[in-house]
Colleague: 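Got a structure for you, questions after.
Chain identifiers are assigned alphabetically (A, B, ...) following the order of the sequence lines, protein sequences preceding nucleic acid strands; residue numbering begins at 1 within each chain. Values in this document were obtained by computation on a predicted structure and should not be read as measured data.
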2 protein chains.
Amino acid sequence: MTIKKPANIRDIAALAGVSAGTVSRVMNDKPGVGSETRAHIARLITEYDFRGDSNARQLSLGRSDSLGVVFPLQVSEVVMHPVYPELLGSISDAALASGYDVSLFTTTAEERVEHIVDAFKRKRVDGLILPAASSDDALIQRVVDEGIPTVLVGHRQESARMTWVDCTHDQAIFDIATAMIGSGRTRLVLLNGPKRVSAYQLRSDGFWRAANDARLVDAQEIELGMSYSSGLQAAGDLFTLPRPPDAIVCSADSTAAGVLEEFKRAGIAIPMTAEVSGFDDTDFASHSTPQLTSVRMPLRETGAAAVSLLLNMIDDRTAHPAPRLLDAEVVWRASTSPVGGV
Amino acid sequence: MTIKKPANIRDIAALAGVSAGTVSRVMNDKPGVGSETRAHIARLITEYDFRGDSNARQLSLGRSDSLGVVFPLQVSEVVMHPVYPELLGSISDAALASGYDVSLFTTTAEERVEHIVDAFKRKRVDGLILPAASSDDALIQRVVDEGIPTVLVGHRQESARMTWVDCTHDQAIFDIATAMIGSGRTRLVLLNGPKRVSAYQLRSDGFWRAANDARLVDAQEIELGMSYSSGLQAAGDLFTLPRPPDAIVCSADSTAAGVLEEFKRAGIAIPMTAEVSGFDDTDFASHSTPQLTSVRMPLRETGAAAVSLLLNMIDDRTAHPAPRLLDAEVVWRASTSPVGGV
DNA sequence: GTGAAAGCGCTAACAC
DNA sequence: GTGTTAGCGCTTTCAC
């Protein structure tokens, strides 16, 4: 004969001969229960595999213990594709470690913005992590208007209930471009994504700061999709010019891979005739010929920091945690000359 | 003077001079409300931007309107990396279209299995979509035991409350290998992922079916991680053999990219000396030199089908929808000889 | 067609 | 220490 499974906290209470309140105290590790009673109740909870109903708990508490994460996951050339899975994984891990679930929203398309705001208003999520936002993102404005606790990742903008986490894209690109110039290059090109995406704007900033510091006259920036094919094509185009570049800084390894391939086809020696760098430090970068200088972003730290800041804002309605700027690391490899010259 | 925002359904009811029940009927498009009353209440709801509290609704209804999706998102060589974002995006889109949210779980590691079961038992999710499962997955057993409505993606296993969606990995690889044999190749190699992952087992099946049908004696399968670097290395190793292969079937474009690169280094002509194929039909495949024959999986359809089957099982506790097998498509390109021989 | 009332299962303030 | 009580905000019978 099988034990009828107790359905709710009152059933457990009845079994233990106590009241529901006492069981609640035990389940939430609250004080005010005698150690024997506590042990007894704990045993019953385990025995009957009782978990409670989170909807009821959340209704009572007025919160959802759930974070919304907004990711434009559609495969798109615009988007910094390789970083998403890892970032998402790290956010999820960090949330879980703090007892939060992650609710996923996959686009910021105009018609979906209201769905995200709605999720907050209906108390489905307590706050938002919003990566890769651009300054003209409609969702940002709404989030500010509604006072939704929000942490931006990769876009630096603050307001009362909004802060950000980012890494030093600009400094990394500055360091790379400066090293290229230091090794004698004068005709630099940046193959960049669209600058309305903050991460790309920052890379542009770093690139131009390096070019201007060195009073370079031949630097240029080209905006394109961050794909293998666009790198391939851009490299082809550039080398039909009368004075082709001698250094190409790419905002993605995928684009750099296209450049490498086209250079191979065209017989252009790397790094002798032209230096090339990538971004994202993918598996490709460490195994291409030549190996590709690239930039490693601190993705797991970024995710963890975003969760930590957000929980901070959720727990304390008046908190306004300072933004976090983490270090991106340049991984120097053979596609650029050694730092500091030939 | 700003209007004090009505906090709950009773406030709206008071404003409309009706009872909460009536407002509830309007919000859920239920019959039994006069059209004038309905219009009036609808107007107030819009005016005050009232949404209701989903925790309360869920408590009352006993469900969460939320689907759990389990994705091992940690960057890993074992995992079919490029398909995840798109699959996840399509699941999310389909769920949203049916009024469901998506709750994300990022690992099936032993210690996390209970967390996922827990989420169901606490009514945080109504069911599970579980992609890329392998047959020895501990979560599958738990899910069956607990009777959690579940749809497997990429692993074919059924039980009372569990069904699956998959595509024809095996047939695609069979077609490719058969075409290679048809164009005169006799020494085929499959570079495959670990066979405990069902998708890789199926590719193995298709490969060996083709090899056996043709009574090939020189076919072999090598298990490795599905990365660029493992393709690079495997290709190098294979061509130190006395009788190197004349056709390499890869279970991922990333691996095929490594093979292509190594062949280029070694001066092996493709497809003349050896044919090569990939899987996933990434951007690389359509732009490499030579362009890469690859397999395009119906990812968006897969996600949509998974959601549809799952909602079916959630709505009807006795439903046991038939599994869905979708077609994977071989995209023939220059890295293999034309279908049917030279 | 609409209102009243009884839950859904939990938490927390207040008694004792 | 522990029980009692009053919600949390919604849905849904059951009257009228």
Side-chain angles (χ1 to χ4, degrees), chain A residues 4-42 44-45 48-66 99 118-126 315, chain B residues 4-42 44-45 48-66 99 118-124 126:
Chain A
K4 176 168 181 315
K5 198 154 179 204
N8 61 34
I9 202 169
R10 266 184 289 266
D11 295 343
I12 295 288
L15 247 21
V18 300
S19 75
T22 302
V23 176
S24 174
R25 284 175 200 123
V26 172
M27 291 202 65
N28 296 293
D29 288 317
K30 294 260 165 76
V33 183
S35 60
E36 285 157 40
T37 327
R38 184 182 296 272
H40 181 213
I41 293 172
L44 286 170
I45 287 173
Y48 290 101
D49 189 31
F50 177 70
R51 326 254 178 156
D53 179 313
S54 45
N55 289 318
R57 176 165 212 274
Q58 288 157 20
L59 173 58
S60 186
L61 258 29
R63 54 188 170 81
S64 71
D65 287 344
S66 180
D118 196 60
F120 175 76
K121 292 195 157 188
R122 304 174 93 108
K123 303 213 186 84
R124 297 204 75 138
V125 298
D126 297 331
D315 291 344
Chain B
K4 179 172 180 312
K5 198 155 178 202
N8 62 32
I9 202 169
R10 267 184 290 268
D11 295 344
I12 294 288
L15 247 20
V18 301
S19 75
T22 301
V23 176
S24 174
R25 284 174 200 123
V26 172
M27 291 201 67
N28 296 293
D29 288 317
K30 292 261 165 75
V33 183
S35 60
E36 285 158 41
T37 327
R38 185 181 295 273
H40 181 212
I41 293 173
L44 287 170
I45 288 173
Y48 290 101
D49 189 30
F50 177 71
R51 326 254 178 156
D53 179 311
S54 44
N55 288 319
R57 176 165 213 274
Q58 288 157 20
L59 173 59
S60 187
L61 258 30
R63 53 189 170 79
S64 72
D65 286 343
S66 179
D118 196 59
F120 175 76
K121 293 195 158 187
R122 303 174 93 108
K123 303 213 186 83
R124 296 205 75 139
D126 297 331

Colleague: Indicate, with a heavy-atom threshold strictly under 4.0 Å, whether A:Thr37 touches base, sugar-phosphate, or nothing.
Modeller: sugar-phosphate
Colleague: With rounding to the nearest 0.5 Å, note down the distance linking OG in B:Ser19 to CD1 in B:Ile9.
Modeller: 9.0 Å
Colleague: Without decimals, in angstroms, what is the distance between A:Arg10 CZ and C:dC8 P?
Modeller: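 Distance, rounded to whole Å: 7 Å.
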Colleague: Of all the choices, C:dC8, C:dT2, C:dT11, which nucleotide is nearest to the side chain of B:Leu59 once you look at every atom?
Modeller: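 Comparing C:dC8, C:dT2, C:dT11 against the side chain of B:Leu59, the answer is C:dC8.
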Colleague: Between D:dC8 atom P and B:Asn8 atom CG, what is the distance in whole Å?
Modeller: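 B:Asn8 atom CG is separated from D:dC8 atom P by 8 Å.
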Colleague: Of the candidate nucleotides D:dT11, C:dG3, C:dT11, which contains the atom at the shortest distance from the side chain of B:Thr22?
Modeller: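 Selected nucleotide: C:dG3.
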Colleague: Nearest of D:dG3, C:dC10, D:dC10 to any side-chain atom of A:Ser19?
Modeller: D:dG3
Colleague: How many whole angstroms separate atom NZ of B:Lys123 from atom C1' of C:dG9?
Modeller: 8 Å
Colleague: Determine: side-chain N/O of B:Ser60 to OP1/OP2 of D:dT11, distance under 4.0 Å, yes or no.
Modeller: no
Colleague: Out of A:Lys121, A:Arg122, A:Lys123, which residue meets the salt bridge (charged side-chain N to carboxylate O under 4.0 Å, His left out) rule with B:Asp53?
Modeller: A:Lys123
Colleague: Quick one: on DNA chain C, does B:Val33 or A:Asp53 contact a more 5' nucleotide (nearest heavy atom)?
Modeller: B:Val33
Colleague: Tell me which nucleotide among D:dT4, C:dC10, C:dG3 gets nearest to the side chain of A:Arg25.
Modeller: D:dT4
Colleague: How many Å lie between CZ on B:Arg63 and P on D:dC10, as a whole number?
Modeller: 16 Å
Colleague: State whether B:Arg124 and B:Asp118 are salt-bridged, where the test is any N-O pair (Lys NZ or Arg NE/NH1/NH2 against Asp/Glu carboxylate O) under 4.0 Å.
Modeller: no
Colleague: When the nearest nucleotide of DNA chain C is assigned to B:Leu61 and to A:Arg57 on a heavy-atom basis, which residue is associated with the more 5' position?
Modeller: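 Upstream on the strand: B:Leu61.
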Colleague: Examine the side chains of A:Asn55 and B:Arg63 and answer whether a donor and an acceptor come within less than 3.5 Å of each other.
Modeller: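 No.
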Colleague: Could you tell me the separation between the CD1 atom of A:Ile12 and the P atom of C:dT11, rounded to a whole number of Å?
Modeller: 13 Å
Colleague: Does A:Gly34 reach a base, just sugar-phosphate, or nothing at all? Heavy atoms under 4.0 Å.
Modeller: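 Sugar-phosphate, no base atom in range.
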Colleague: Provide, to the nearest angstrom, the distance between the CD1 atom belonging to B:Ile9 and the P atom belonging to C:dG3.
Modeller: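 Between P of C:dG3 and CD1 of B:Ile9: 12 Å.
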Colleague: Can you tell me how far C1' of C:dG9 sits from CG of A:Asn28, to the nearest Å?
Modeller: 13 Å
Colleague: Calculate the interatomic distance between B:Asp11 atom CG and D:dG9 atom C1'; express it in whole Å.
Modeller: 10 Å
Colleague: Roughly how far apart are B:Ile41 CD1 and B:Thr22 OG1, rounded to 0.5 Å?
Modeller: 5.5 Å
